[in-house]
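Remember, predicted model here, so these are calculated numbers, not experimental data. Note that ligands are numbered from 1 as they come in the structure, with each ligand's atoms numbered from 1 the same way.
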Amino acid sequence: MTSEFFVGVDEIRYEGPNSDNPLAFRWYDKNRLVDGKSMADHLRLAACYWHSFCWDGFDIFGDGTMERPWHPNQATSDSPQDGMGQARLKMAAAFEFFVKLGIPFWCFHDRDIAPEGSSFAETTRRVDEMVDLAGQYQEQSGTKLLWGTANLFSNARFQAGAATNPDPEVFAAAAGQVAHCLEATHRLGGENYVLWGGREGYETLLNTDMGRELDQMGRFLHMVVEHKYKIGFEGLILLEPKPFEPTKHQYDFDVASVHAFLQKYGLQEEVAVNIEVNHATLSGHDFAHEIATAFNAGIFGSIDANAGDPRLGWDVDRFPVSVEEMTLGMVEVLRGGGFTSGGLNFDAKLRRQSIARDDLFHAHIGGMDTMARSLLAASSILNSGDLDDSRDSRYLGWTTEFGQSILNGEATLESLRTRSMGAQEPARVSGRQEALENTVARHIERIR
Ligand code: XUL
Ligand code: CO
C-alpha cells in the first residue's frame, strides 16, 4: 500500500465546545443521541472526491496551486508516471482522508476515479479496476458510498448536452456511460445515484428546440429508472437542480421546475432531488425553501451542503459556515422526517490559497461542526414547539367547519360572496416575523 499523504494528522476526535484543538470536533459527536437517533445517522455526512482530490486549485485565470502529486503535471521521478498509477495514488490519499476524518460516506463521478482511455471499452475497464480497488478500501475502512454519478459534462462530446444533445449518437454514449456508472455504484453498495445536468440546457434559443430536448431528457430518465430495476439497484435516483453554470439556462433549474418535469414525464414516483445549497441561492431561493418545496412535492432525497458568497453570482462551493442558514434548512429536513437513503455531501472546495495538506481537514471539521450545531438547534426549535405552535395558530380558521367547507368543495364563489355581504371586515393579526427570528437566534445561542 502507498505511504501516508496527510502526515502529522491523526484521527479527528470529538473534544467538545471548549476544546481549542483546531484538529478536533467541537460539535460533531457521532454517537450523541438527538431525538433518539445518533448524530451520525441524522446527518449521514459525505466527502466528495472531485473537489478534494481531483481539483488542484486551478481556475479560469490561473494554474493549480495545491500539492496533488497524483496530477499528471505534478508527477516527479518517484511518483507514478501513468494515469492509472496516479489514480491509485489519489485513491489511497482519499481513503486515508476519509478514515482520519471519520466521515461515514463518500461520493464520486466515474471520471474522478479513473482517467479516460482511448475508447469507451477501455475507459469502462479502467473504471471497473478502480471500482474494485474502491470496494477493497470500503471494506477495510467501513466508509460507505452515499452516491455515484456519471460525469456527462467534461468531455468535449457533451458540448451540446448529453441526453438533450441534438445528435442521438451522443445520447447513446451518455446512456452507455450511465448504465455502467449505475452498475458501478450498485457494486459499491451506493445508497443513491445522482444525475446533475451540467450541459442539459442551452446557450441560445436561436439554435435550440426546447420541447424536443425536454422529451429526450424525459426518455433518458425513464431508461435510467428501467435500468435501476433491471440490475436490482434499490437506492434513489436523484436529479440535482441548478439554474445555470456552465450553460446559460439549465432545464433542472430548481426543485419546482424539476417537479414539473417529473410530473410531465410520469417520473414523480421514481425520481427525487439532490438539493445543493449554492444552487438554491443561485436560483434565487433560500436553501430552506428548496427543501420545503421538495418535501411538499414528495421528492426530497439528499443534500449537497456548501455555501455561496453573497457578492459572487457563481457557484463558489465554499464549505458551510453559517449555522443560521443551515439551521433553517435542518428545521425543514427534520420537519419532513429526515433522510432516508440521502445524506449531507460536502460538495465544497478549499479556497485556492489553502495549500497546506491539513487545510482539507480544517475545512471538513468546520463543515461537520456547522451541520452538527445546526441539527441540534433545529431539533431544539422543533421540540420546543415555538415555531410550530405559532404557525398552527395562524391557520386555526381553516380547521373550523367554515374553513373545511371551502377546502372540501362545499363552498362556491357564489356562496362566499353571499357570506361576505353580511360579514364584518376580517380581524388582522401580526405575522410576528421578528419575534420568530429572535426565537431561532435564542435556540442557536443556547444549544450545548
Ligand atoms: C456542480 C455540482 C456537481 C454535482 C455532481 O455544480 O454540484 O458536482 O453535485 O455532478
Ligand atoms: Co453538487
Side-chain angles (χ1 to χ4, degrees), residues 44-55 58-60 94 105-113 127 145-155 158 161-164 174 177-178 180-182 184-185 190-201 217 220-221 224 235-255 258 271-283 285 287 290-291 294 300-309 312-320 326 329 342-350 363-364 367 371:
R44 297 170 57 81
L45 296 168
C48 82
Y49 209 85
W50 50 101
H51 287 317
S52 296
F53 300 99
C54 304
W55 181 64
F58 73 89
D59 68 12
I60 48 169
F105 292 96
W106 69 299
C107 298
F108 75 100
H109 298 83
D110 48 2
R111 299 295 169 261
D112 301 341
I113 59 169
V127 173
L145 180 63
L146 187 65
W147 48 263
T149 185
N151 178 330
L152 303 177
F153 43 89
S154 293
N155 192 296
F158 299 123
T164 59
Q177 197 181 325
V178 169
H180 185 251
C181 189
L182 186 54
T185 302
E191 305 209 7
N192 308 275
Y193 182 82
V194 166
L195 294 116
W196 168 60
R199 306 273 174 199
E200 313 292 27
M217 212 163 92
F220 192 90
L221 207 50
V224 176
L236 285 173
I237 302 290
L238 303 171
L239 281 186
E240 184 173 323
K242 185 175 182 181
F244 49 78
E245 197 202 296
T247 63
K248 173 194 164 103
H249 173 85
Q250 267 154 229
Y251 296 133
D252 300 334
F253 193 92
D254 60 2
V255 173
V258 168
V271 178
V273 284
N274 181 41
I275 297 168
E276 178 164 324
V277 184
N278 205 169
H279 297 179
T281 50
L282 290 177
S283 70
H285 301 305
F287 174 46
E290 289 292 80
I291 299 172
F300 178 79
S302 202
I303 287 175
D304 272 4
N306 60 14
D309 183 292
L312 297 177
W314 69 86
D315 195 12
V316 294
D317 288 327
R318 289 168 57 224
F319 278 82
M326 294 298 141
L344 283 157
N345 167 45
F346 290 113
D347 190 353
K349 59 176 182 267
L350 293 169
H364 282 83
M371 295 318 306

Visitor: So, Tyr49 versus His109, ring centres under 6.0 angstrom or not?
Guide: no
Visitor: Distance check, rounded to the nearest 0.5 Å: Leu238 atom CG versus Glu191 atom CD?
Guide: 11.5 Å
Visitor: Could you tell me if the side chain of Asp252 sits less than 4.5 Å from the side chain of Glu200, heavy atoms only?
Guide: no
Visitor: Please tell me if the side chains of Trp106 and Leu145 come closer than 4.5 Å, counting only heavy atoms from C-beta onward.
Guide: yes
Visitor: Output all residues satisfying side-chain contact (heavy atoms from CB on, under 4.5 Å) with Asp254, sequence neighbours left out; order by chain, then residue number.
Guide: Ala256, Ser257, Ser283, His285, Glu290
Visitor: Would you please name every residue forming a side-chain contact (heavy atoms from CB on, under 4.5 Å) with His180, sequence neighbours left out?
Guide: Thr124, Val127, Asp128
Visitor: Is the shortest side-chain heavy-atom distance between Gln250 and Glu240 below 4.5 Å?
Guide: no
Visitor: I want to verify a count. Protein N, O or S atoms less than 2.8 Å away from the Co ion (ligand 2), how many are there?
Guide: 4
Visitor: Does Ile275 reach the side chain of Phe300, with side-chain heavy atoms less than 4.5 Å apart?
Guide: yes
Visitor: So which of Asp347, Asp317, Asn345 actually passes side chain to side chain donor-acceptor pair (under 3.5 Å) with Asn306?
Guide: Asp317
Visitor: For ligand 1, list all ligand N or O to protein N or O distances below 3.5 Å, rounded to 0.1 Å.
Guide:
from: ligand 1; atom 1: 6 (O); to: Lys242; atom 2: NZ; distance (Å): 3.0
from: ligand 1; atom 1: 6 (O); to: His279; atom 2: NE2; distance (Å): 2.9
from: ligand 1; atom 1: 6 (O); to: Asp315; atom 2: OD2; distance (Å): 3.0
from: ligand 1; atom 1: 7 (O); to: Glu240; atom 2: OE2; distance (Å): 2.7
from: ligand 1; atom 1: 7 (O); to: Glu276; atom 2: OE1; distance (Å): 2.7
from: ligand 1; atom 1: 7 (O); to: His279; atom 2: NE2; distance (Å): 3.4
from: ligand 1; atom 1: 7 (O); to: Asp347; atom 2: OD2; distance (Å): 2.7
from: ligand 1; atom 1: 8 (O); to: Trp50; atom 2: NE1; distance (Å): 3.2
from: ligand 1; atom 1: 8 (O); to: Asp347; atom 2: OD2; distance (Å): 3.2
from: ligand 1; atom 1: 9 (O); to: Glu240; atom 2: OE1; distance (Å): 2.7
from: ligand 1; atom 1: 9 (O); to: Glu240; atom 2: OE2; distance (Å): 2.9
from: ligand 1; atom 1: 9 (O); to: Asp304; atom 2: OD2; distance (Å): 3.0
from: ligand 1; atom 1: 9 (O); to: Asp347; atom 2: OD2; distance (Å): 2.9
from: ligand 1; atom 1: 10 (O); to: His109; atom 2: NE2; distance (Å): 2.7

